[in-house]
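Each remark here refers to the structure printed beneath this line.
What you see is a predicted model; the values in this text were computed from it and never measured.
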Amino acid sequence: MEKMKNINPGFQNPGRFYLCVVKMKDRRKRSVLSWSAYLFWCTLFFIFFSVFTFSTFRFLLEGGFHPRLVSRGNIPAVEVISDEISASPVISIRETVIFPNQALVFLKYPRSTALFTKYTIKCIYVRPNSSQPQLELSPESIDDEYENQQIVRCPLPPRGSIVSVAVNNGNLTPGPTHRWDSLAYDAIVDRDNSTIVFVKGLNLRSGRVADSSKFKCLYGWDLSNPKFVLWADVVSVAQEIVRCKTPLSILKTSRFDDSIRVSVRLTGRRTIDSIARVKNSQNQNQLSPNFKPISDDYKQHEICVCTMLRNQAKFLREWVMYHGKIGVERWFIYDNNSVDDIQNVVTSLVSSNYNVTKHIWPWIKTQEAGFAHCAVRARDSCKWVGFIDVDEFFHVPYDSSLIDIVKNQTRSNEVGELRVPCHSFGPSGLKQTPTKGVMAGYTCRLAVPERHKSIVKPEALNSSLINVVHHFHLKSGFRHVNMNRSSMVINHYKYQVWDVFKEKFQRRVATYVSDWQQERNVGSKDRAPGLGTKAVEPVDWSTRFCEVRDTGLRDWVFETFMDPKTGMLPWEEK
């Protein structure tokens, strides 16, 4: 008998089936028993591959993922079918989010394709049911680093129009459009395998934990179709952060970060729109049942800082260099829609061996959520994290470092947060931005501190991740310490020269802080006393907020950083 031949191992492609032809030279020489054996094995192979192929075709034709709720120990792994099977790069609009002053268009295409720039892409506006552009404009800016996507920031579309983009002389089909203020916009799987969902539109009270039994989380490719959805219980919900029990099938999916969305539904209401795709907070190893968090004693950095900024690039070098000198080892920069040259500044700092990373955070009015997101990211590498703005500087005694002070104040394992009082500095008689930086230029402040900012131990944070920008909620068993002003304060250069200060009249980044152009909370400490809702400079602005002359930090900066030959500070523009 001649051996089998022309057997094609074509089962690598589940959409195709190959028949096996068995040729036999001399059938007369075969016994009945031998023939029966070959017939049995061929029949068995045929049945096996028929069942396999039929199941595969059914999976593909019916749309793939049809989850159902079964017992926890019997949930099958979800398979993700790639949509990048074409040989040529496919460029598409993944989704569009409409903000008050612009539209964010999220592009999806293979990273092997060259990135687009402001000069190679156009924002186009079309009427519904029309393919002809009504208007064509240049984008305001493009971000390249957001989760392997490009964000094209387009001017707001005219009323009744839909925004799209034109690339390579071709117009892309508009993607699903969402409102920024009712949207699940980000999600990460935490080390305990729960999913942290960041969502706007729940309208919950600041600093309060809501009743989690009134909420459900939804997972799937198409959240509008119940057949494609897995439901999950909510562990906690507070402010704009929902923690969900992640279904096992989601955890077992090796490529879920690009396909499966998650959203939140309040009982009796509609499901919040979602562009939040499930991804890991750090790496795939965290999903292992044997994963153990890194002990504080073995974390890479003693102290890190996290900030959220918009168009503050000109102040970043001074802020990073100073804090590096007093002991900060790592900086997390959350960029909230900047259009200045922040990336060039970050690149320059990195080349000077500062451990600075920029994270695109395009969501407006979400500072509390962004700080919670940063705390989760920093937890595995940072023992302590300070949450401050780029106009805030830790001021420590001259013979101490920030690390020494934190260690001294946290000898007790119960301490999970240090609350540092803030001195608010005024324009100090200046009318132009000081060339040597804020620490050298502003030397007059209010006598009494305003509020505080915190340095927290990420491991001590409550699972709800509640924070009110100034401080977090801690786990049971942890407590905070109020720092004495003789040990450490924050110099908050809050009231700078008018050209800088008036930017505060633009949209504030915090969720629960009213914008200054709104007639709400006029007497709040988040506003400047005596100012209304219009960015109109008072005639005596340069002399306001000056009760105490304080040159302590300026003198130390001159002594420590100034070049004796040139009189220059390292962050000054040459």
Distance (rounded to the nearest 0.5 Å) between [X] [atom1] and [Y] [atom2]:
X: Gln150; Y: Leu107; atom1: CD; atom2: CG; result: 6.0 Å
X: Ile151; Y: Leu104; atom1: CD1; atom2: CG; result: 5.5 Å
X: Leu202; Y: Arg265; atom1: CG; atom2: CZ; result: 13.5 Å
X: Leu251; Y: Thr195; atom1: CG; atom2: OG1; result: 7.0 Å
X: Tyr354; Y: Ser348; atom1: OH; atom2: OG; result: 10.0 Å
X: Asp143; Y: Ile360; atom1: CG; atom2: CD1; result: 4.0 Å

* To do: Determine the minimum heavy-atom distance between Asn355 and Glu329, stating which atoms define it.
  =>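 Looking at all heavy atoms of both residues, the shortest contact is CB-O, 3.5 Å.
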* Smallest separation among heavy atoms of Val229 and Trp231, with atom names ->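 Smallest interatomic distance, heavy atoms only, reads CG1-NE1, 3.7 Å.
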* Asked: Would you say Ser249 and Leu230 make side-chain contact, with heavy atoms under 4.5 Å?
  ->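 SC-SC contact between Ser249 and Leu230 confirmed.
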* Does His471 have any side-chain contact (heavy atoms from CB on, under 4.5 Å) partners at least two apart in sequence or in another chain, and if so, which? ->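 His471 satisfies side-chain contact (heavy atoms from CB on, under 4.5 Å) with Glu417, Arg419, His452, Ser454, Val468 once adjacent residues are dropped.
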* To do: Under the side-chain contact (heavy atoms from CB on, under 4.5 Å) rule, collect the residues that match up with Arg270, sequence neighbours excluded.
  =>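 By the side-chain contact (heavy atoms from CB on, under 4.5 Å) rule, Arg270 matches Ser182, Asp273.
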So, [X] versus [Y]: side-chain donor-acceptor pair below 3.5 Å or not?
X: Ser338; Y: Asp335; answer: yes
X: Thr96; Y: Thr177; answer: no
X: Gln149; Y: Lys108; answer: no
X: Arg377; Y: Tyr334; answer: yes
X: Trp331; Y: Thr357; answer: no

* Asked: Which residue pairs pass the salt bridge (charged side-chain N to carboxylate O under 4.0 Å, His left out) test when at least one of the two sits in residues 229-239, sequence neighbours left out?
  ->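 Matches after skipping sequence neighbours: Lys216-Asp233.
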Taking only residues two or more places apart in sequence or in another chain, which ones pass salt bridge (Lys or Arg N to Asp or Glu O under 4.0 Å) with [X]?
X: Glu95; answer: Arg261, Arg277
X: Arg243; answer: Asp190, Asp192
X: Asp181; answer: Arg179
X: Asp340; answer: none

Quick one: does any side-chain atom of [X] pair with a main-chain N or O of [Y] as donor and acceptor, under 3.5 Å?
X: Gln409; Y: Leu418; value: no
X: Lys299; Y: Arg379; value: yes
X: Ser164; Y: Leu172; value: yes
X: Asp186; Y: Phe198; value: no

Would you please indicate if the ring centroids of [X] and [Y] are separated by under 6.0 Å?
X: Tyr185; Y: Trp363; value: yes
X: Phe332; Y: His359; value: no
X: Trp361; Y: His373; value: yes

* Which pairs pass disulfide (SG to SG under 2.5 Å) with one or both residues in residues 174-249, sequence neighbours excluded? ->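 For residues 174-249, and leaving out neighbouring residues, the disulfide (SG to SG under 2.5 Å) pairs sorted by first residue read Cys217-Cys244.
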* To do: Using side chain to side chain contact (heavy atoms under 4.5 Å, CB included) as the criterion, point out the one residue from Val356, Ile333, Asp341 that pairs with Leu316.
  =>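 Single pass found, and it is Ile333.
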* Six-ring centre of Phe315, Arg317 cation under 6.0 angstrom, axis tolerance 45° ->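 No cation-pi geometry.
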Could you work out, with ring-ring contact (aromatic ring centres under 6.0 Å, His included) as the rule, every residue matching [X], not counting sequence neighbours?
X: His492; value: none
X: Phe371; value: Phe387
X: Phe478; value: none

Pair [X] + [Y]: basic N to acidic O under 4.0 Å:
X: Glu414; Y: Arg479; result: yes
X: Lys227; Y: Asp222; result: no
X: Arg191; Y: Glu459; result: yes

* **side-chain hydrogen bond (donor to acceptor under 3.5 Å, both in side chains) partners for Ser401, two or more places apart** =>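 Listed in chain order: Asp404.
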